[in-house]
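Everything below concerns the one structure shown next.
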Amino acid sequence: MAGTLFLIPNTLGKRDEFDPLPDVIPAGVQQIAARLDYLVAENAKTARAFLKKLGETSPLARPIQQIEIRELNVNTRAEALAALLDPIAGGRDGGLLSEAGVPAVADPGADLVRLAHARGVTVRPLVGPSSILLAVMGSGLNGQSFAFNGYLPVDADERARKLRELEAHSRKARQTQVFIETPYRNAALLEALRQHCAGTTMVSVAVDLTLPTETIVTLPLSAWRPERIALQKRPAIFSLLAA
């Protein structure tokens, strides 16, 4: 009988002030993660850091050195997925651990989950923080209909074209458009929004979600100024709803 693939959420950022796990990862999820001896993770080093922190509140079933960790990231070839799933298909429970937030959403783990379904492996998603949902919840924009668009183009002209396209679709469908950017380009993205979208379009920016420095600001673009929120090198989620 095949084992179960548990989808294990991670914290959304580093907290120096207090222990993050009890705040954002439920105790039951911690207990399940602590008993696993096989993990598929985006980065083995950060997975071990997660396990070390986990062991402080939920004793691990095995020492960290005895927990098998295999990597799955953007460089993993499609033909390598079967080998990652083999231990679970063979009867061993295992976990898919996100680098931050929940696995398989804006995360390379989705392909492994799809393969698990194809091979008859039970998939069990566990409760944890999703920056996308938290941003939509806190935005005040349309939570009945929204779309996550991932990263926008880096090229300025292509990015401007994509923003106008998202704004037009948002206006027509009354749908919130959600997207992200590399932290050091956040300010440039906000400026591009101000330049290429209508002043009446509502934009929400959520930074450092679940962290002590969490900030969420929602304003029409006509009211946005760079000083409204510090964006430099802070993980951010942008949401847009056109009037």
Side-chain angles (χ1 to χ4, degrees), residues 1-16 18-134 148 150 180 209-211 235:
M1 177 182 289
T4 296
L5 174 60
F6 292 94
L7 309 186
I8 303 170
N10 204 339
T11 56
L12 291 175
K14 182 180 178 182
R15 302 166 174 230
D16 296 322
F18 54 93
D19 183 357
L21 288 178
D23 283 337
V24 297
I25 308 295
V29 174
Q30 294 183 54
Q31 291 164 10
I32 291 173
R35 71 173 174 80
L36 300 175
D37 64 2
Y38 176 62
L39 292 178
V40 178
E42 195 168 351
N43 182 286
K45 181 178 179 180
T46 53
R48 292 188 189 96
F50 171 84
L51 290 170
K52 181 179 179 181
K53 181 60 68 174
L54 177 64
E56 296 175 5
T57 52
S58 298
L60 303 178
R62 293 191 179 187
I64 293 177
Q65 297 84 352
Q66 295 180 18
I67 297 174
E68 183 179 0
I69 302 173
R70 300 187 191 177
E71 291 190 343
L72 168 59
N73 51 49
V74 294
N75 298 314
T76 302
R77 302 187 312 275
E79 55 268 27
L81 291 175
L84 294 176
L85 191 63
D86 280 345
I88 303 171
R92 187 177 175 188
D93 286 344
L96 174 63
L97 177 66
S98 177
E99 187 77 356
V102 296
V105 177
D107 177 271
D111 291 338
L112 186 70
V113 175
R114 185 168 60 252
L115 181 61
H117 286 299
R119 293 179 63 176
V121 172
T122 298
V123 175
R124 185 175 169 192
L126 301 177
V127 174
S130 165
S131 59
I132 299 166
L133 285 179
L134 290 170
F148 178 63
I180 54 178
L209 289 163
T210 77
L211 302 182

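All figures in this text were calculated on a predicted structure; none of them were measured in a lab.
In this structure, L36 CG and R62 CZ are separated by 11.0 Å, a value rounded to the nearest 0.5 Å. Here the NZ atom belonging to K52 is positioned 12.0 Å from the CG atom belonging to L60, to the nearest 0.5 angstrom. Rounded to the nearest 0.5 angstrom, L126 CG and L97 CG are separated by 11.0 Å. With values rounded to the nearest 0.5 angstrom, I180 atom CD1 is found 7.0 Å from I132 atom CD1. The distance from atom CZ of R35 to atom CD1 of I67, rounded to the nearest 0.5 Å, is 12.5 Å. Annotation: the span from K53 atom NZ to N10 atom CG amounts to 12.0 Å, rounded to 0.5 Å.
Screening D37, N43, L51, V40 for a side-chain contact (heavy atoms from CB on, under 4.5 Å) with I69, the sole residue that qualifies is L51. Of the residues V24, L209, V102, the one that meets the side-chain contact (heavy atoms from CB on, under 4.5 Å) test with L12 is L209. No option in L5, V123, T122 other than V123 meets the side-chain contact (heavy atoms from CB on, under 4.5 Å) test with H117.
Between A34 and P59, the shortest heavy-atom distance links the atoms CB-O, 3.6 Å. Between S98 and G101, the shortest heavy-atom contact is CB-O, 3.3 Å. Between A2 and V121, the shortest heavy-atom contact is CB-CG2, 4.2 Å. L96 and P103 make their closest contact through O-CG, 3.3 Å (heavy atoms, listed as atom of the first residue, atom of the second, distance). Residue T4 comes nearest to R124 through the heavy atom pair CG2-CB, 4.0 Å, listed as atom of the first residue, atom of the second, then distance. Residues P9 and L7 come closest through the heavy atom pair CD-O, 3.6 Å.
A side-chain donor-acceptor contact under 3.5 Å links E71 to the backbone of A44. The backbone N or O of L85 lies less than 3.5 Å from no partner atom in the side chain of R119, so there is not a single donor-acceptor pair. With hydrogens and angles ignored, the 3.5 Å screen pairs no side-chain donor or acceptor of S58 with any backbone N or O of G55. In this structure, D93 contributes its side chain and G3 its backbone to no donor-acceptor pair below 3.5 Å. At distances below 3.5 Å, at least one donor-acceptor pair connects side-chain atoms of Q30 with backbone N or O atoms of I25.
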Taking it one step at a time, do L72 and L81 satisfy side chain to side chain contact (heavy atoms under 4.5 Å, CB included)? CA-CA 8 Å; L72 168 59; L81 291 175; 3.6 Å; yes
Checking L84 against Y38 for the side chain to side chain contact (heavy atoms under 4.5 Å, CB included) test, could you report, in this order, the C-alpha distance in whole Å, the side-chain angles of both residues, the deciding distance, and whether it holds? CA-CA 10 Å; L84 294 176; Y38 176 62; 4.2 Å; yes
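For the pair L133/F148, no side-chain contact is recorded, criterion being any heavy-atom separation below 4.5 Å from C-beta on. Within the 4.5 Å cutoff, the side chain of F50 has heavy atoms near those of the I8 side chain. Side-chain contact between T76 and L112: absent, with no pair of heavy atoms (C-beta onward) separated by less than 4.5 Å.
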